[in-house]
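Report on the following structure.
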Amino acid sequence: MQYWQKMNLANRVTMARFLLVPVFVLIVTLFHGWLADLLAGLVFIVAACTDFIDGHIARSRNMISTFGKFMDPLVDKILVTAAMVTLVAMGRVPAWVVILILAREFAITGLRTVAVSSGVVIAASKLGKWKTACQMVALALLLVYTLPFLPNTFIYVLGQVLLYTALVLTYISGWDYLKGCREILSDM
């Protein structure tokens, strides 16, 4: 509790997103049907929105911190991983897509960890932010497309298109990170 009080507002929002992940996973694994999809989708959407909120708060209030630069993208990856794995289990996302996306995510997170140990903080790039946004919208759509009051086929196809777009952006932005970290990689 004491650590929470010392955090700035942007970092608290990031950590709130982290705390929503187990809530999301519990809903998806314990309940079934369109009401469960709705509730899981809402929790995921709220968590995804906090990604934009914490960034806005950090920039507008000058609360950018090393903790936030590291934890914000890490918590995004945890949220996205939880959603992708549960969607694979639900049969809504192909496992190979998730494996390719997660392979890149782990590689870049590892690179960021090595960079931090060298005193370099690698902030998320604009392309990386677009990738994350595309992933989150795709996953939200694939969570809720079963709702009886939605155009199910359209929502599902749009979710799949955005997921494959996110896959492409995942590797393009990953390549950008690697190019930007040549010095760190050359010291290894």
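- Atom CE of residue M71 and atom CG of residue D76 lie 10.5 Å apart, to the nearest 0.5 angstrom.
- Side-chain heavy atoms closer than 4.5 Å link hydrophobic residues (I, L, V, M, F, W, Y) into clusters, and following such links, even through other members, never connects F52 to L9.
- A side-chain donor-acceptor contact under 3.5 Å links S65 and N11.
- To the nearest 0.5 Å, the span separating CE on M90 from OG1 on T29 amounts to 10.0 Å.
- Side chain of Q135 to backbone of I101: no donor-acceptor contact under 3.5 angstrom is found.
- Hydrophobic clustering keeps I99 apart from L102 (ILVMFWY residues linked when any side-chain heavy atoms are closer than 4.5 Å, directly or through intermediates).
- Considering only heavy atoms from C-beta on, T86 comes within 4.5 Å of F24 through its side chain.
- Classification of D72 and K129 as a salt-bridged pair fails, no side-chain N sitting under 4.0 Å from a carboxylate O.
- Contact check for P73 versus E105: no side-chain heavy atoms found under the 4.5 Å cut-off.
- Nearest approach of T14 to V75, heavy atoms of both residues: O-CG1, 3.8 Å.
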Could you walk me through whether L74 and F18 pass side-chain contact (heavy atoms from CB on, under 4.5 Å), step by step? CA-CA 9 Å; L74 180 61; F18 178 72; over 6 Å; no

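- In this structure, a donor-acceptor pair under 3.5 Å is present between the side chains of R104 and S173.
- Contact record, D37 with V144: O-CG1, 3.9 Å, taken as the closest heavy-atom pair.
- Side chains of F31 and L35 form no contact here, defined as non-hydrogen atoms less than 4.5 Å apart.
- Here the OG1 atom belonging to T50 is positioned 6.5 Å from the CG atom belonging to L20, to the nearest 0.5 angstrom.
- Following chains of ILVMFWY side-chain contacts shorter than 4.5 Å, one cannot reach V161 starting from W130, and the two form parts of different hydrophobic clusters.
- Taken from SG in C134 to CG in L127, the straight-line distance is 10.5 Å, to the nearest 0.5 Å.
- In this structure, Y164 places its OH atom where more than 12 heavy-atom neighbours from other residues, nucleotides or ligands lie under 6.0 Å away.
- You'll find the side chain of V85 reaches within 4.5 Å of the side chain of T81, heavy atoms only.
- Side chain of Y171 to backbone of L100: a donor-acceptor contact under 3.5 angstrom is found.
- Two residues are said to be in side-chain contact when any heavy atoms from C-beta on lie closer than 4.5 Å; K131 and I172 fail this criterion.
- Under a hydrophobic-cluster definition in which Ile, Leu, Val, Met, Phe, Trp and Tyr are linked whenever side-chain heavy atoms come within less than 4.5 Å, directly or via other members, L39 and L150 are assigned to the same cluster.
- Of the candidates L167, L163, L169, L169 is the only one forming a side-chain contact (heavy atoms from CB on, under 4.5 Å) with T165.
- Shown here for M136 and F44, the closest heavy-atom pair between the two residues is O-CE2, 3.3 Å.
- Remark: Y145 OH to R92 CZ distance equals 5.0 Å, nearest 0.5 Å.
- Ring planes of F149 and W34: perpendicular class, angle over 60° (limits at 30 and 60°).
- D54 pairs with exactly one of R17, R59, R61 by the salt bridge (charged side-chain N to carboxylate O under 4.0 Å, His left out) rule, that one being R17.
- Taking each heavy atom of L143 and A40 in turn, the nearest pair found is CD1-O, 4.4 Å.
- L147 approaches N152 most closely through the heavy-atom pair O-ND2, 3.0 Å.
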Dump the intermediate steps for side-chain contact (heavy atoms from CB on, under 4.5 Å) on T132 and K77, then the final yes or no.
CA-CA 9 Å; T132 299; K77 285 165 187 39; 5.6 Å; no

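- Criterion: ILVMFWY side-chain heavy atoms under 4.5 Å apart, direct or through other members. Under it, F106 and M84 are part of a common hydrophobic cluster.
- Expressed to the nearest 0.5 Å, how far CG of L158 lies from CG of L141 amounts to 5.0 Å.
- When all heavy atoms are compared, the tightest approach of A83 to L139 is CB-CD1, 3.9 Å.
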